[in-house]
Number of protein chains: 2
Amino acid sequence: MQQTLQGHINKIVQISNEEFAEMESFFLKKSFKKDEYLAQAGKTAKYEYFVLSGLVFASHLNDKGKIHVIQFAMENSWITDSHSYNMGKVANLDIKCLEDAEIYCITYENKEKLCAFSKKMEYYFRKISIESNILLQKRIIMSTYANFKERYELFIADYPKIDKRVSRTLLASYVGVTRRTLGEI
Amino acid sequence: MQQTLQGHINKIVQISNEEFAEMESFFLKKSFKKDEYLAQAGKTAKYEYFVLSGLVFASHLNDKGKIHVIQFAMENSWITDSHSYNMGKVANLDIKCLEDAEIYCITYENKEKLCAFSKKMEYYFRKISIESNILLQKRIIMSTYANFKERYELFIADYPKIDKRVSRTLLASYVGVTRRTLGEI
(Lines give C-alpha, C1' and ligand atoms only; values in the text may rest on other atoms or scores of the structure.)
Protein backbone atom coordinates (compact mmCIF):
# COMPACT_ATOMS: atom_id res chain seq x y z
CA MET A 1 0.00 0.00 0.00
CA GLN A 2 2.66 2.48 1.09
CA GLN A 3 4.40 1.87 -2.23
CA THR A 4 1.51 3.39 -4.14
CA LEU A 5 1.99 7.02 -3.08
CA GLN A 6 5.75 6.62 -3.40
CA GLY A 7 5.17 5.07 -6.83
CA HIS A 8 2.95 7.98 -7.81
CA ILE A 9 5.55 10.50 -6.69
CA ASN A 10 8.30 8.55 -8.47
CA LYS A 11 6.46 8.85 -11.78
CA ILE A 12 6.93 12.62 -11.46
CA VAL A 13 10.12 13.00 -9.44
CA GLN A 14 12.54 10.37 -8.11
CA ILE A 15 12.53 10.02 -4.32
CA SER A 16 14.39 7.44 -2.25
CA ASN A 17 12.80 5.17 0.39
CA GLU A 18 14.36 7.42 3.05
CA GLU A 19 12.88 10.56 1.51
CA PHE A 20 9.48 8.90 1.29
CA ALA A 21 9.64 7.79 4.93
CA GLU A 22 10.39 11.40 5.94
CA MET A 23 7.60 12.93 3.88
CA GLU A 24 5.07 10.25 4.84
CA SER A 25 5.06 11.68 8.38
CA PHE A 26 3.27 14.78 7.02
CA PHE A 27 0.28 12.60 6.06
CA LEU A 28 -2.44 10.86 7.98
CA LYS A 29 -3.32 7.42 6.60
CA LYS A 30 -6.91 6.38 7.16
CA SER A 31 -9.42 3.72 6.21
CA PHE A 32 -12.92 4.75 5.20
CA LYS A 33 -16.02 2.63 4.69
CA LYS A 34 -18.31 2.68 1.67
CA ASP A 35 -20.79 5.61 1.94
CA GLU A 36 -18.62 7.39 4.54
CA TYR A 37 -18.04 11.12 3.97
CA LEU A 38 -14.49 12.47 3.73
CA ALA A 39 -15.78 16.04 3.63
CA GLN A 40 -19.17 17.69 3.64
CA ALA A 41 -20.65 20.82 2.10
CA GLY A 42 -21.20 23.48 4.75
CA LYS A 43 -18.06 22.52 6.69
CA THR A 44 -14.43 23.31 5.91
CA ALA A 45 -12.55 20.73 3.83
CA LYS A 46 -9.60 20.13 6.16
CA TYR A 47 -7.71 17.66 3.99
CA GLU A 48 -6.59 16.94 0.50
CA TYR A 49 -6.93 13.22 -0.23
CA PHE A 50 -4.78 10.76 -2.13
CA VAL A 51 -6.72 7.57 -2.86
CA LEU A 52 -4.58 4.45 -2.35
CA SER A 53 -7.44 2.03 -2.91
CA GLY A 54 -11.18 2.34 -3.40
CA LEU A 55 -13.22 5.00 -5.11
CA VAL A 56 -14.53 8.38 -3.93
CA PHE A 57 -16.45 11.16 -5.62
CA ALA A 58 -17.11 14.86 -5.13
CA SER A 59 -20.62 16.16 -5.73
CA HIS A 60 -22.66 19.30 -5.40
CA LEU A 61 -26.30 19.46 -4.35
CA ASN A 62 -27.96 22.28 -6.26
CA ASP A 63 -30.78 24.57 -5.13
CA LYS A 64 -33.36 22.24 -6.67
CA GLY A 65 -32.05 19.31 -4.59
CA LYS A 66 -30.35 17.62 -7.53
CA ILE A 67 -26.93 15.97 -7.07
CA HIS A 68 -24.23 16.78 -9.62
CA VAL A 69 -21.06 14.70 -9.74
CA ILE A 70 -18.10 17.05 -10.14
CA GLN A 71 -15.21 14.59 -9.97
CA PHE A 72 -14.34 10.96 -9.30
CA ALA A 73 -11.07 9.85 -7.70
CA MET A 74 -9.93 6.27 -7.96
CA GLU A 75 -6.58 4.69 -7.06
CA ASN A 76 -3.62 7.08 -7.50
CA SER A 77 -5.75 10.21 -7.64
CA TRP A 78 -6.01 13.37 -5.57
CA ILE A 79 -9.28 15.01 -4.60
CA THR A 80 -10.59 17.84 -2.43
CA ASP A 81 -12.84 20.91 -2.48
CA SER A 82 -10.09 23.25 -3.74
CA HIS A 83 -11.70 26.51 -2.70
CA SER A 84 -12.48 25.32 0.82
CA TYR A 85 -9.17 23.51 1.39
CA ASN A 86 -6.92 26.28 0.08
CA MET A 87 -8.88 29.31 1.28
CA GLY A 88 -10.23 27.92 4.56
CA LYS A 89 -13.79 28.65 3.40
CA VAL A 90 -16.96 26.58 3.75
CA ALA A 91 -17.07 23.69 1.26
CA ASN A 92 -19.60 23.47 -1.58
CA LEU A 93 -18.80 19.84 -2.24
CA ASP A 94 -19.55 16.57 -0.51
CA ILE A 95 -16.74 14.04 -0.86
CA LYS A 96 -17.94 10.51 -0.25
CA CYS A 97 -16.70 6.93 -0.60
CA LEU A 98 -18.34 4.75 -3.24
CA GLU A 99 -16.22 1.81 -2.04
CA ASP A 100 -14.20 1.05 1.09
CA ALA A 101 -11.06 3.16 0.71
CA GLU A 102 -7.49 3.54 2.01
CA ILE A 103 -6.53 7.18 1.86
CA TYR A 104 -3.61 9.48 2.64
CA CYS A 105 -4.91 12.78 4.05
CA ILE A 106 -2.85 15.97 4.27
CA THR A 107 -3.84 19.26 5.88
CA TYR A 108 -3.16 22.56 4.13
CA GLU A 109 -0.59 23.47 6.80
CA ASN A 110 1.28 20.18 6.46
CA LYS A 111 1.30 20.39 2.67
CA GLU A 112 2.85 23.86 2.87
CA LYS A 113 5.41 22.65 5.42
CA LEU A 114 6.23 19.66 3.24
CA CYS A 115 6.73 21.87 0.17
CA ALA A 116 8.95 24.25 2.13
CA PHE A 117 10.92 21.26 3.46
CA SER A 118 11.36 19.49 0.12
CA LYS A 119 11.93 21.07 -3.31
CA LYS A 120 11.02 17.72 -4.86
CA MET A 121 7.62 17.76 -3.16
CA GLU A 122 7.02 21.37 -4.23
CA TYR A 123 7.69 20.22 -7.78
CA TYR A 124 5.46 17.15 -7.32
CA PHE A 125 2.54 19.19 -6.01
CA ARG A 126 2.93 21.80 -8.78
CA LYS A 127 2.67 18.98 -11.34
CA ILE A 128 -0.31 17.41 -9.50
CA SER A 129 -2.07 20.74 -9.56
CA ILE A 130 -1.43 21.08 -13.29
CA GLU A 131 -2.82 17.55 -13.85
CA SER A 132 -5.91 18.58 -11.94
CA ASN A 133 -6.19 21.74 -14.08
CA ILE A 134 -6.04 19.66 -17.24
CA LEU A 135 -8.76 17.34 -15.96
CA LEU A 136 -11.02 20.21 -14.86
CA GLN A 137 -10.56 22.14 -18.10
CA LYS A 138 -11.36 18.98 -20.09
CA ARG A 139 -14.40 18.46 -17.83
CA ILE A 140 -15.66 21.95 -18.71
CA ILE A 141 -14.98 21.49 -22.42
CA MET A 142 -16.74 18.11 -22.29
CA SER A 143 -19.88 19.72 -20.95
CA THR A 144 -20.08 21.87 -24.10
CA TYR A 145 -20.08 18.86 -26.44
CA ALA A 146 -23.49 18.51 -28.02
CA ASN A 147 -22.62 14.90 -28.85
CA PHE A 148 -23.33 12.64 -25.85
CA LYS A 149 -21.24 9.77 -27.21
CA GLU A 150 -18.14 12.02 -27.35
CA ARG A 151 -18.77 13.17 -23.78
CA TYR A 152 -18.97 9.59 -22.62
CA GLU A 153 -15.81 8.59 -24.49
CA LEU A 154 -13.88 11.48 -22.96
CA PHE A 155 -15.13 10.42 -19.53
CA ILE A 156 -13.99 6.82 -20.04
CA ALA A 157 -10.59 8.03 -21.32
CA ASP A 158 -10.12 10.03 -18.10
CA TYR A 159 -11.47 7.31 -15.81
CA PRO A 160 -10.59 3.94 -17.38
CA LYS A 161 -12.87 1.04 -16.39
CA ILE A 162 -14.80 3.20 -13.94
CA ASP A 163 -18.11 2.30 -15.63
CA LYS A 164 -18.01 -1.13 -13.93
CA ARG A 165 -17.71 0.47 -10.46
CA VAL A 166 -20.18 3.35 -10.55
CA SER A 167 -23.99 3.39 -10.71
CA ARG A 168 -25.66 4.51 -13.95
CA THR A 169 -27.17 7.43 -12.05
CA LEU A 170 -23.78 8.84 -10.99
CA LEU A 171 -22.27 8.20 -14.44
CA ALA A 172 -25.16 10.04 -16.08
CA SER A 173 -24.79 12.93 -13.60
CA TYR A 174 -21.06 13.32 -14.35
CA VAL A 175 -21.50 13.14 -18.12
CA GLY A 176 -24.56 15.38 -17.96
CA VAL A 177 -27.07 13.13 -19.71
CA THR A 178 -30.26 11.39 -18.64
CA ARG A 179 -29.99 7.73 -17.62
CA ARG A 180 -32.05 6.83 -20.72
CA THR A 181 -29.56 8.56 -23.06
CA LEU A 182 -26.67 6.83 -21.26
CA GLY A 183 -28.39 3.48 -21.88
CA GLU A 184 -28.48 4.24 -25.61
CA ILE A 185 -24.75 5.06 -25.85
CA MET B 1 3.76 47.69 -17.04
CA GLN B 2 6.69 45.53 -15.98
CA GLN B 3 5.69 46.21 -12.40
CA THR B 4 2.46 44.34 -12.86
CA LEU B 5 3.87 40.82 -13.16
CA GLN B 6 6.37 41.60 -10.42
CA GLY B 7 3.50 42.93 -8.33
CA HIS B 8 1.50 39.78 -8.98
CA ILE B 9 4.42 37.58 -7.95
CA ASN B 10 5.05 39.73 -4.88
CA LYS B 11 1.51 39.12 -3.65
CA ILE B 12 2.45 35.43 -3.43
CA VAL B 13 6.20 35.46 -2.75
CA GLN B 14 8.59 38.37 -2.23
CA ILE B 15 11.10 38.88 -5.04
CA SER B 16 13.58 41.71 -5.45
CA ASN B 17 13.95 43.91 -8.57
CA GLU B 18 17.11 41.95 -9.39
CA GLU B 19 15.33 38.62 -9.10
CA PHE B 20 12.50 39.90 -11.30
CA ALA B 21 14.93 41.16 -13.94
CA GLU B 22 16.55 37.71 -14.01
CA MET B 23 13.28 35.81 -14.29
CA GLU B 24 11.78 38.23 -16.83
CA SER B 25 14.31 36.96 -19.39
CA PHE B 26 12.40 33.64 -19.45
CA PHE B 27 9.34 35.45 -20.85
CA LEU B 28 8.45 36.99 -24.17
CA LYS B 29 6.52 40.27 -23.87
CA LYS B 30 4.15 40.94 -26.73
CA SER B 31 1.39 43.29 -27.82
CA PHE B 32 -1.75 41.87 -29.39
CA LYS B 33 -4.58 43.62 -31.20
CA LYS B 34 -8.28 43.21 -30.48
CA ASP B 35 -9.63 40.06 -32.24
CA GLU B 36 -6.11 38.62 -32.61
CA TYR B 37 -5.67 34.97 -31.67
CA LEU B 38 -3.09 33.97 -29.04
CA ALA B 39 -3.72 30.28 -29.68
CA GLN B 40 -6.04 28.30 -31.90
CA ALA B 41 -7.82 24.96 -31.65
CA GLY B 42 -6.17 22.37 -33.88
CA LYS B 43 -2.67 23.72 -33.24
CA THR B 44 -0.45 23.27 -30.18
CA ALA B 45 -0.73 25.95 -27.47
CA LYS B 46 2.94 26.94 -27.25
CA TYR B 47 2.62 29.52 -24.49
CA GLU B 48 1.01 30.21 -21.16
CA TYR B 49 -0.11 33.85 -21.02
CA PHE B 50 -0.07 36.44 -18.26
CA VAL B 51 -2.31 39.38 -19.15
CA LEU B 52 -0.73 42.72 -18.21
CA SER B 53 -3.46 44.81 -19.82
CA GLY B 54 -6.48 44.08 -21.95
CA LEU B 55 -8.87 41.17 -21.95
CA VAL B 56 -8.68 37.72 -23.55
CA PHE B 57 -10.91 34.67 -23.49
CA ALA B 58 -10.70 30.95 -24.15
CA SER B 59 -13.54 29.29 -26.01
CA HIS B 60 -14.50 25.96 -27.50
CA LEU B 61 -16.45 25.47 -30.72
CA ASN B 62 -18.66 22.43 -30.32
CA ASP B 63 -19.70 19.91 -32.95
CA LYS B 64 -22.89 21.88 -33.65
CA GLY B 65 -20.83 25.00 -34.42
CA LYS B 66 -21.75 26.75 -31.15
CA ILE B 67 -19.10 28.76 -29.27
CA HIS B 68 -18.75 28.12 -25.52
CA VAL B 69 -16.72 30.51 -23.40
CA ILE B 70 -14.56 28.46 -21.02
CA GLN B 71 -12.58 31.22 -19.31
CA PHE B 72 -11.87 34.95 -19.37
CA ALA B 73 -8.51 36.46 -18.39
CA MET B 74 -8.22 40.13 -17.58
CA GLU B 75 -5.31 42.09 -16.08
CA ASN B 76 -3.19 40.00 -13.66
CA SER B 77 -4.53 36.65 -14.86
CA TRP B 78 -3.00 33.58 -16.43
CA ILE B 79 -4.58 31.64 -19.28
CA THR B 80 -3.79 28.78 -21.65
CA ASP B 81 -5.16 25.49 -23.01
CA SER B 82 -3.75 23.39 -20.13
CA HIS B 83 -3.89 20.04 -21.87
CA SER B 84 -2.23 21.28 -25.03
CA TYR B 85 0.39 23.45 -23.29
CA ASN B 86 1.46 20.88 -20.71
CA MET B 87 1.14 17.71 -22.79
CA GLY B 88 2.20 19.08 -26.18
CA LYS B 89 -1.10 17.95 -27.70
CA VAL B 90 -3.41 19.68 -30.16
CA ALA B 91 -5.47 22.44 -28.50
CA ASN B 92 -9.26 22.28 -28.12
CA LEU B 93 -9.49 25.95 -27.24
CA ASP B 94 -9.22 29.19 -29.14
CA ILE B 95 -7.64 31.98 -27.10
CA LYS B 96 -8.46 35.40 -28.49
CA CYS B 97 -8.18 39.08 -27.55
CA LEU B 98 -11.37 40.96 -26.78
CA GLU B 99 -9.33 44.16 -26.35
CA ASP B 100 -5.81 45.24 -27.35
CA ALA B 101 -3.55 43.46 -24.87
CA GLU B 102 -0.03 43.50 -23.43
CA ILE B 103 0.96 39.98 -22.53
CA TYR B 104 3.86 38.02 -21.05
CA CYS B 105 4.19 34.67 -22.83
CA ILE B 106 6.19 31.72 -21.50
CA THR B 107 6.89 28.41 -23.23
CA TYR B 108 6.57 25.14 -21.32
CA GLU B 109 10.33 24.60 -21.54
CA ASN B 110 11.12 28.05 -20.17
CA LYS B 111 8.62 27.69 -17.35
CA GLU B 112 10.25 24.41 -16.32
CA LYS B 113 13.72 25.98 -16.53
CA LEU B 114 12.55 28.96 -14.48
CA CYS B 115 11.08 26.69 -11.79
CA ALA B 116 14.28 24.62 -11.65
CA PHE B 117 16.31 27.85 -11.43
CA SER B 118 14.20 29.52 -8.73
CA LYS B 119 12.47 27.87 -5.76
CA LYS B 120 10.41 31.05 -5.36
CA MET B 121 9.06 30.74 -8.88
CA GLU B 122 8.31 27.03 -8.36
CA TYR B 123 6.27 28.10 -5.33
CA TYR B 124 4.63 30.93 -7.28
CA PHE B 125 3.58 28.66 -10.13
CA ARG B 126 2.27 26.00 -7.72
CA LYS B 127 0.08 28.66 -6.13
CA ILE B 128 -1.05 29.99 -9.53
CA SER B 129 -2.02 26.50 -10.55
CA ILE B 130 -4.03 26.08 -7.34
CA GLU B 131 -5.80 29.41 -8.01
CA SER B 132 -6.68 28.14 -11.45
CA ASN B 133 -7.98 24.89 -9.91
CA ILE B 134 -10.21 26.84 -7.57
CA LEU B 135 -11.60 28.91 -10.44
CA LEU B 136 -12.21 25.88 -12.65
CA GLN B 137 -13.85 23.86 -9.86
CA LYS B 138 -16.10 26.84 -9.07
CA ARG B 139 -16.87 27.13 -12.81
CA ILE B 140 -18.03 23.49 -12.87
CA ILE B 141 -20.05 23.89 -9.67
CA MET B 142 -21.61 27.07 -11.08
CA SER B 143 -22.85 25.18 -14.12
CA THR B 144 -24.89 22.91 -11.82
CA TYR B 145 -26.77 25.82 -10.23
CA ALA B 146 -30.36 25.74 -11.36
CA ASN B 147 -30.68 29.37 -10.31
CA PHE B 148 -29.39 31.66 -13.08
CA LYS B 149 -29.08 34.67 -10.78
CA GLU B 150 -26.66 32.75 -8.51
CA ARG B 151 -24.62 31.69 -11.53
CA TYR B 152 -24.35 35.28 -12.67
CA GLU B 153 -23.39 36.51 -9.20
CA LEU B 154 -20.65 33.90 -8.91
CA PHE B 155 -19.38 34.97 -12.33
CA ILE B 156 -19.25 38.64 -11.34
CA ALA B 157 -17.50 37.74 -8.08
CA ASP B 158 -14.77 35.93 -10.07
CA TYR B 159 -14.52 38.60 -12.76
CA PRO B 160 -15.27 41.98 -11.14
CA LYS B 161 -16.60 44.66 -13.50
CA ILE B 162 -16.14 42.43 -16.54
CA ASP B 163 -19.79 42.91 -17.55
CA LYS B 164 -18.92 46.38 -18.87
CA ARG B 165 -16.22 44.99 -21.16
CA VAL B 166 -17.79 41.87 -22.65
CA SER B 167 -20.69 41.41 -25.08
CA ARG B 168 -23.97 39.97 -23.76
CA THR B 169 -23.50 37.00 -26.08
CA LEU B 170 -20.16 36.00 -24.53
CA LEU B 171 -21.43 36.65 -20.98
CA ALA B 172 -24.47 34.45 -21.65
CA SER B 173 -22.23 31.73 -23.10
CA TYR B 174 -19.95 31.70 -20.03
CA VAL B 175 -22.81 31.65 -17.55
CA GLY B 176 -24.72 29.12 -19.64
CA VAL B 177 -27.98 31.02 -20.10
CA THR B 178 -29.79 32.47 -23.10
CA ARG B 179 -29.27 36.18 -23.83
CA ARG B 180 -32.94 36.74 -22.97
CA THR B 181 -32.52 35.19 -19.50
CA LEU B 182 -29.38 37.28 -18.95
CA GLY B 183 -31.38 40.41 -19.76
CA GLU B 184 -33.87 39.50 -17.05
CA ILE B 185 -31.21 39.04 -14.33
Side-chain angles (χ1 to χ4, degrees), chain A residues 41 48 58-71 78 80-87 89 91-93 108 111-112 115-116 119-147 149-151 154 173-174 176, chain B residues 41 48 58-71 78 80-87 89 91-93 108 111-112 115-116 119-147 149-151 154 173-174 176:
Chain A
E48 193 161 9
S59 64
H60 176 255
L61 193 68
N62 82 0
D63 50 352
K64 293 260 161 80
K66 194 174 167 194
I67 283 179
H68 292 268
V69 178
I70 306 296
Q71 190 185 339
W78 287 92
T80 193
D81 180 311
S82 291
H83 182 244
S84 177
Y85 175 75
N86 289 291
M87 312 294 283
K89 305 284 186 187
N92 280 305
L93 299 180
Y108 179 83
K111 187 178 167 186
E112 292 306 310
C115 288
K119 182 154 172 45
K120 285 184 181 178
M121 290 307 289
E122 181 98 87
Y123 176 81
Y124 171 74
F125 279 117
R126 178 169 68 84
K127 290 295 180 179
I128 289 306
S129 202
I130 288 170
E131 277 183 16
S132 175
N133 262 300
I134 293 171
L135 193 67
L136 292 170
Q137 215 177 51
K138 277 165 80 178
R139 170 92 172 86
I140 296 169
I141 295 169
M142 183 187 81
S143 71
T144 70
Y145 284 10
N147 184 327
K149 194 161 173 284
E150 277 186 351
R151 285 197 213 175
L154 192 61
S173 168
Y174 183 91
Chain B
E48 193 160 8
S59 65
H60 176 255
L61 193 68
N62 83 0
D63 50 354
K64 294 261 163 78
K66 196 175 167 195
I67 283 179
H68 292 267
V69 178
I70 305 298
Q71 191 185 339
W78 286 92
T80 193
D81 179 312
S82 290
H83 182 245
S84 177
Y85 176 75
N86 289 291
M87 311 293 283
K89 305 283 186 187
N92 280 305
L93 299 180
Y108 179 83
K111 187 177 168 187
E112 292 305 310
C115 288
K119 183 158 171 42
K120 285 183 182 178
M121 290 307 291
E122 179 99 88
Y123 176 81
Y124 171 75
F125 279 117
R126 179 169 68 84
K127 290 293 179 178
I128 290 305
S129 201
I130 288 170
E131 277 183 18
S132 174
N133 260 297
I134 293 171
L135 192 69
L136 292 170
Q137 216 176 50
K138 279 165 80 179
R139 170 93 173 88
I140 296 169
I141 295 169
M142 183 187 82
S143 72
T144 71
Y145 284 10
N147 184 328
K149 195 160 171 285
E150 278 186 349
R151 282 196 216 176
L154 191 62
S173 168
Y174 183 91

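Here is the naming used below: chain letters follow the sequence lines, and residue numbers restart at 1 for every chain. The analysis underlying the following values was restricted to heavy atoms, covering all of them including side chains, and did not include hydrogens, waters or symmetry mates.
Only the side chain of A/Asn86 comes within less than 4.5 Å of a heavy atom in chain B; its backbone stays farther off. Contacts of B/Asn147 with chain A are made by both backbone and side-chain atoms, with heavy-atom separations under 4.5 Å. Neither the backbone nor the side chain of B/Leu135 comes within less than 4.5 Å of any heavy atom of chain A. Only the side chain of B/Glu150 comes within contact range of chain A, judged by heavy atoms closer than 4.5 Å. Both the backbone and the side chain of A/Asn133 come within less than 4.5 Å of a heavy atom in chain B. The part of A/Lys138 that comes within reach of chain B is its side chain, from C-beta onward, which places non-hydrogen atoms under 4.5 angstrom from that chain. Heavy-atom distances place no part of A/Glu131 under 4.5 Å from chain B, backbone and side chain included. In this structure, no portion of B/Ala58 lies under 4.5 Å from any heavy atom of chain A.
Here A/Ile141 contributes atom CD1 and B/Ile70 contributes atom CD1; the two are 5.5 Å apart, rounded to the nearest 0.5 Å. Between B/Arg139 atom CZ and A/Arg139 atom CZ the span is 11.5 Å, to the nearest 0.5 Å. Here CE of B/Met87 is found 10.5 Å from CD1 of A/Ile130. Values are rounded to the nearest 0.5 Å. In this structure, OG on A/Ser143 lies 7.5 Å from CD1 on B/Ile140, to the nearest 0.5 angstrom. Note that CD of B/Gln137 and OG1 of A/Thr80 are 7.5 Å apart. Values are rounded to the nearest 0.5 Å. Between atom OH of residue A/Tyr85 and atom CD1 of residue B/Ile134 there is a gap of 11.0 Å, rounded to the nearest 0.5 Å.
Exactly one residue among A/His60, A/Lys66, A/Lys64 makes a side chain to side chain donor-acceptor pair (under 3.5 Å) with B/Thr144. That residue is A/His60.
For B/Ile67, the CD1 atom counts as loosely surrounded, since its 6.0 Å shell holds 12 or fewer non-hydrogen atoms of other residues, nucleotides or ligands.
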**Request:** Output, in order, the C-alpha distance, side-chain angles, deciding distance and verdict of side-chain contact (heavy atoms from CB on, under 4.5 Å) for B/Tyr123 and A/Glu112.
**Result:** CA-CA 10 Å; B/Tyr123 176 81; A/Glu112 292 306 310; 3.7 Å; yes
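Counting all heavy atoms, side chain and backbone alike, B/Arg126 lies closest to A/Ser129 at O-OG, 4.4 Å. Heavy atoms only, all atoms of each residue included: A/Tyr145 and B/Asn92 are closest at OH-OD1, 4.3 Å.
In summary, B/Glu122 and A/Lys120 do not engage in a salt bridge, as defined by a charged side-chain N under 4.0 Å from a carboxylate O.
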